[in-house]
Amino acid sequence: MWRSTSCLRLSAVGKRSAPSILEGATVRRSKIGRYTYSRAISTTTTPGLIRGHGSTRQSSAAAALKPVQETHPEHHEQNSSTLGDLPTSRIDDRKVVVGWDAQTWSRYHHIWLRDHCRCPQCFHPVTKQRLVNTFEIPFDVKPVAVESKPEGLDVTWPSTQPHISFYPWSWLQQNSYDPPLARAPPPEKILWGSKILQDPPTVTYEEAMSEDERGLFKWLSNTEKFGFCFISGVPPTPEATEELSRRIGFIRETQYGTFWDFTSDLAKGDTAYTTLALGAHTDTTYYTDPCGLQLFHLLEHSGGSGGATLLVDGFYVASILKELHPTAYDLLARVRVPSHAAGEPSALYTPTPRSGYPVLRHSDGELIQVRWNNDDRSVVNHLEPGMVEEWYDAIKKWHQLLTSADSEYWIQLSPGTAVVVDNHRVLHGRSAFTGKRRMCGAYIGVDEYRSKLAVLGEKFAPDSVVQETSAYATVNGRSIWNMLL
Ligand SMILES: C[N+](C)(C)CCCC[C@H](N)C(=O)O
Ligand SMILES: O=C(O)CCC(=O)C(=O)O
């Protein structure tokens, strides 16, 4: 992986869009209880012809969640189905095989398909929770028929009342596991060094607070892409800053309080409440689940100097460490680092397990979290004796890269400009200062952050499956085929 001194772009893998399948559908709105849902009535449907899915309750609701399509008996073959240029489908001994084209096939275990049925009898359309009892599905369950329809695959299961499960083609394609097909690429991340100062991600307070949430989506999308984002034009009050923080989600309360407004008076037992310089670190490394976002807003700094804010892209620095010192990178990815917060008499935080977590946490080989605060690190007593010096060499290399001029982005915050930081990626710090300096802000949990981003994504950038199914599968404002379910 090569890098520039300014930004490194981890470009998104090219998306392969699944066939759009709702052109020409007529959408009819109806109600389930207090929820409005819409269903696509295919242009070929004979009005009033709603295929049952067993019980009356299920058939009307089930029909609401999928396009009503006139059955084509001539295509209703026992164990295979093909309709022109639609994907083919056939029943094998243990799996249903879908043919996307002459070279591309996916195989879905019968039990997997049955377990993932999303008809209202098997999957609650409002709560999006599984209703089918997975453990009552016979292990050797096998469809009696499959049918390739314009919108997706119909699978008929053996039961006293015909139970037909419907799966949109785009959903089957995105969830193909045998083999995995073109999955939506992860959100793009732009790694940066000190040159980000030329054009740092910023939104205005008006954008962030706008009623339609489009500006909020821009703010959080920037944060997801860069690991931080400034908010300009924020009224320099704790009240406005707290309201801004709560736009993202509820604030995470900690031993430092809920919304914090602090200065150098050791009001809390932490060096943040002093005038000392703080090296680049992530916060709450001593929690089993460190906070996701951290928002800072400098309200005042008078009668002194210093107190500049430091930001460092931990993913950028990790990419350099991996390139220049792969052995050190590997150690930081494996060795657990214990930590604690013990400055408040009423609190003594340590993570579970006590040995803590690696500095660089990965999932499926991808770096997903940086967790580093050398000041809060506890006794390292679990290293193999032969690894101790190697580990210190590794964290020294990490520290040297973290503190290099190429990595450090220093800014002097001022009242009116807040900054939100992804505490799982971007390290922050500050220079020592004199005078009276007042900073306020809040922590937001990582799940609250990701949830808000997901909800805004549904609204402003729905995934391809939601786009293609929302006309007939949206209940309570959410498609039952959302790829996050
Ligand atoms: C942000 N606020 C001033 C409230 C608390 C700062 C806590 C800093 C702590 N050493 C850590 O790294 O988690
Ligand atoms: O005072 C600052 O600018 C930042 C303090 C800090 O690093 C923290 O609160 O975690």
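Bear in mind that the values here come from a model prediction, so they are computed numbers and not experimental data. Basis for what follows: all heavy atoms, side chains included, without hydrogens, waters or symmetry-related copies. Indexing begins at 1, ligand by ligand and atom by atom, following the structure's order.
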Contact (N/O only, under 3.5 Å) between Thr285 and ligand 1:
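Looking only at distances, the answer is no, because the N/O contact criterion of under 3.5 Å is not met.
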Test item, Lys268 contacting ligand 1 (heavy atom, 4.0 angstrom)
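No heavy atom of Lys268 comes that close to ligand 1.
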State if Phe296 counts as touching ligand 1 under the rule of any non-hydrogen atom under 4.0 Å.
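Not so, Phe296 does not reach ligand 1.
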By number and element, which atoms of ligand 2 are closer than 4.0 Å to a non-hydrogen atom of [X]?
X: His281; value: 7 (O), 10 (O)
X: Asp283; value: 8 (C), 10 (O)
X: Met439; value: 2 (C), 3 (O)
X: Leu278; value: 5 (C), 6 (C), 7 (O)

Do the side chain of Asp115 and the main chain of Thr134 share a donor and acceptor less than 3.5 angstrom apart?
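A pair under 3.5 Å: no.
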Donor-acceptor pair, side chain of His281 and main chain of Gly279, under 3.5 angstrom:
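Yes, the answer is positive, given that a donor and an acceptor are paired below the 3.5 Å cut-off.
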[Y] six-ring face occupied by [X] cation (under 6.0 Å, within 45°):
X: Arg437; Y: Phe433; value: yes
X: Arg252; Y: Tyr443; value: no
X: Arg336; Y: Tyr357; value: yes

Select the closest option to atom 6 (C) of ligand 2 among Lys268, Arg430, His428, Arg438, judged by heavy-atom distance.
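Shortest heavy-atom distance from atom 6 (C) of ligand 2: His428.
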Closest to atom 3 (O) of ligand 2 among Gln294, Arg437, His301 (heavy-atom distance):
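The nearest heavy atom belongs to Arg437.
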Closer than 4.0 Å to some heavy atom of [X] - which atoms of ligand 1 meet that?
X: Asp376; answer: 9 (C), 10 (N), 11 (C), 12 (O)
X: Gln294; answer: 1 (C)
X: Asn373; answer: 10 (N), 11 (C), 12 (O)

Under the criterion ring-ring contact (aromatic ring centres under 6.0 Å, His included), which of Phe228, Phe315, Tyr316, Phe226 is the partner of Trp192?
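So the option named by the test is Phe228.
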Could you report the tightest heavy-atom contact between Leu413 and Leu298, atom names first, then the distance?
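Of all heavy-atom pairs spanning Leu413 and Leu298, the closest is O-CD2, 3.2 Å.
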Distance-only polar pair, side chains of Ser407 and Ser404, donor-acceptor under 3.5 Å:
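Note: Ser407 and Ser404 side chains meet the donor-acceptor criterion.
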Cut-off 3.5 Å, side chains only: do Ser355 and His382 have a donor facing an acceptor?
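No, no side-chain donor-acceptor pair sits under 3.5 Å.
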Does Asp270 approach ligand 1 within less than 4.0 angstrom via side chain, backbone, both or neither, non-hydrogen atoms only?
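Under 4.0 Å from ligand 1, Asp270 contributes side-chain atoms alone.
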